[in-house]
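Each remark here refers to the structure printed beneath this line.
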Amino acid sequence: MEDLKARVAYLQGLSAGMDLEKESKEGRLLSSIIDVLGDFASSFDELQEAQEQLEDYLESIDEDLYSLEDEVYEDRPDRHDDDYMEVECPRCGEIVCFDRDILDDEDVIEVTCPNCDEVVFVNDNAYTSADEPEELEGSAGADHEDDL
C-alpha cells in the first residue's frame, strides 16, 4: 500500500499549482479537505504502528503460553491420548473429542457437537452415529478395542 502521507503531499502540491486564492471559498475548502486528509494519514500511520506492536506482543505471549503448557502438561502421568475418543459430526464435520470413560458409564450420556449441537454419540448401545468413535491418531489404544 502506498504511503498515505506521500499521497496527501502530492495533493497539496496539486492544489498549490492550481493558483487558487487562499481566501476564496474554493481555496479554503480545498485547503481544509487536504488538511483533514493529512490528519487521517497521520492517524492511520499511528494505528498501523500500534497494531504491529500489538501483534508482536500477542505472538510473544502465545509463544510463552505454549512453552508453559509444555512444561505443565508434559510431566502429568494422568494425561494420555488414549483416554479420549473422537467422532466426526454428521452435520458439520467437526471432530468431537470426549473421554473414553463415557463408554463404560451406566448412565445414558449424549455427546453433542459444540459447533452445531448435533448429538454425535450416545452410550446406550442403541444409538448409531454416522461415524463410530475412533481413537486419537498416534495413541496406543490397542488395549481398549474391546470397549468399542
Side-chain angles (χ1 to χ4, degrees), residues 1-103 105 107-124 127-141 144 147-148:
M1 178 160 95
E2 240 179 282
D3 184 28
L4 289 177
K5 288 184 178 182
R7 293 173 68 184
V8 171
Y10 175 75
L11 290 175
Q12 287 173 334
L14 282 178
S15 70
M18 292 176 67
D19 292 329
L20 291 176
E21 292 183 29
K22 294 276 185 182
E23 301 304 318
S24 71
K25 292 179 184 179
E26 296 85 8
R28 286 192 310 234
L29 176 65
L30 189 59
S31 176
S32 297
I33 289 172
I34 292 174
D35 288 343
V36 169
L37 287 174
D39 292 342
F40 277 123
S42 295
S43 295
F44 185 78
D45 283 345
E46 290 171 8
L47 285 173
Q48 194 172 20
E49 184 177 321
Q51 176 68 26
E52 289 171 1
Q53 289 175 353
L54 281 173
E55 287 175 0
D56 290 342
Y57 182 66
L58 184 60
E59 187 175 310
S60 70
I61 289 174
D62 188 43
E63 289 171 359
D64 292 343
L65 181 60
Y66 182 74
S67 298
L68 182 62
E69 285 175 342
D70 279 349
E71 289 177 20
V72 169
Y73 293 117
E74 184 176 288
D75 297 331
R76 276 182 65 181
D78 62 334
R79 182 175 178 259
H80 300 288
D81 287 338
D82 60 341
D83 289 342
Y84 296 97
M85 302 295 291
E86 65 179 18
V87 174
E88 183 176 344
C89 176
R91 183 186 297 170
C92 69
E94 180 85 14
I95 300 296
V96 180
C97 295
F98 59 92
D99 195 337
R100 180 184 287 277
D101 293 338
I102 289 175
L103 299 173
D105 201 319
D107 295 330
V108 175
I109 298 175
E110 291 184 349
V111 178
T112 59
C113 176
N115 192 33
C116 67
D117 292 327
E118 175 79 13
V119 175
V120 295
F121 184 79
V122 179
N123 69 337
D124 67 355
Y127 183 79
T128 57
S129 68
D131 189 17
E132 290 301 316
E134 300 173 2
E135 297 173 17
L136 291 177
E137 291 180 16
S139 65
H144 300 287
D147 292 345
L148 297 174

(message) Using every non-hydrogen atom in the two residues, find where C97 and E86 come nearest and quote the distance to one decimal.
(response)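 That closest heavy-atom pairing would be SG-CB, 4.1 Å.
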Just list the side-chain donor-acceptor pairs under 3.5 Å for residues 54-65, sequence neighbours left out, or say none.
unit_1: E55; atom_1: OE2; unit_2: Q51; atom_2: NE2; d: 3.1
unit_1: S60; atom_1: OG; unit_2: Y57; atom_2: O; d: 2.7

(request) For the residue pair V96 and V111, establish whether any side-chain heavy-atom pair is separated by less than 4.5 Å. (result)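 A side-chain contact under 4.5 Å exists here.
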(request) Side-chain contact test, heavy atoms from C-beta onward, threshold under 4.5 Å: evaluate it for P90 versus E118 and give yes or no. (result)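 Yes, at least one pair of side-chain atoms sits under 4.5 Å.
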Partner set under side-chain contact (heavy atoms from CB on, under 4.5 Å) for [X], not counting sequence neighbours:
{"X": "D39", "result": "none"}
{"X": "L37", "result": "V8, L11, I33"}
{"X": "V108", "result": "V122, N123, D124"}
{"X": "D45", "result": "D3, K5, Q48"}

Give every donor-acceptor pair under 3.5 Å between a side-chain atom in residues 12-30 and any protein atom, sequence neighbours left out.
unit_1: S15; atom_1: OG; unit_2: Q12; atom_2: O; d: 2.9
unit_1: S24; atom_1: OG; unit_2: E21; atom_2: O; d: 2.9
unit_1: S24; atom_1: OG; unit_2: G27; atom_2: N; d: 3.1
unit_1: R28; atom_1: NH1; unit_2: E23; atom_2: O; d: 3.3

(message) Does E49, at its CD atom, have more than 12 non-hydrogen atoms belonging to other residues, nucleotides or ligands within less than 6.0 Å?
(response)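 Counting neighbours around CD of E49, 12 or fewer heavy atoms of other residues, nucleotides or ligands fall under 6.0 Å, so no.
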(request) Hey, could you give me the CZ/SG distance between R91 and C116, rounded to the nearest 0.5 Å? (result)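 Those atoms lie 4.5 Å apart.
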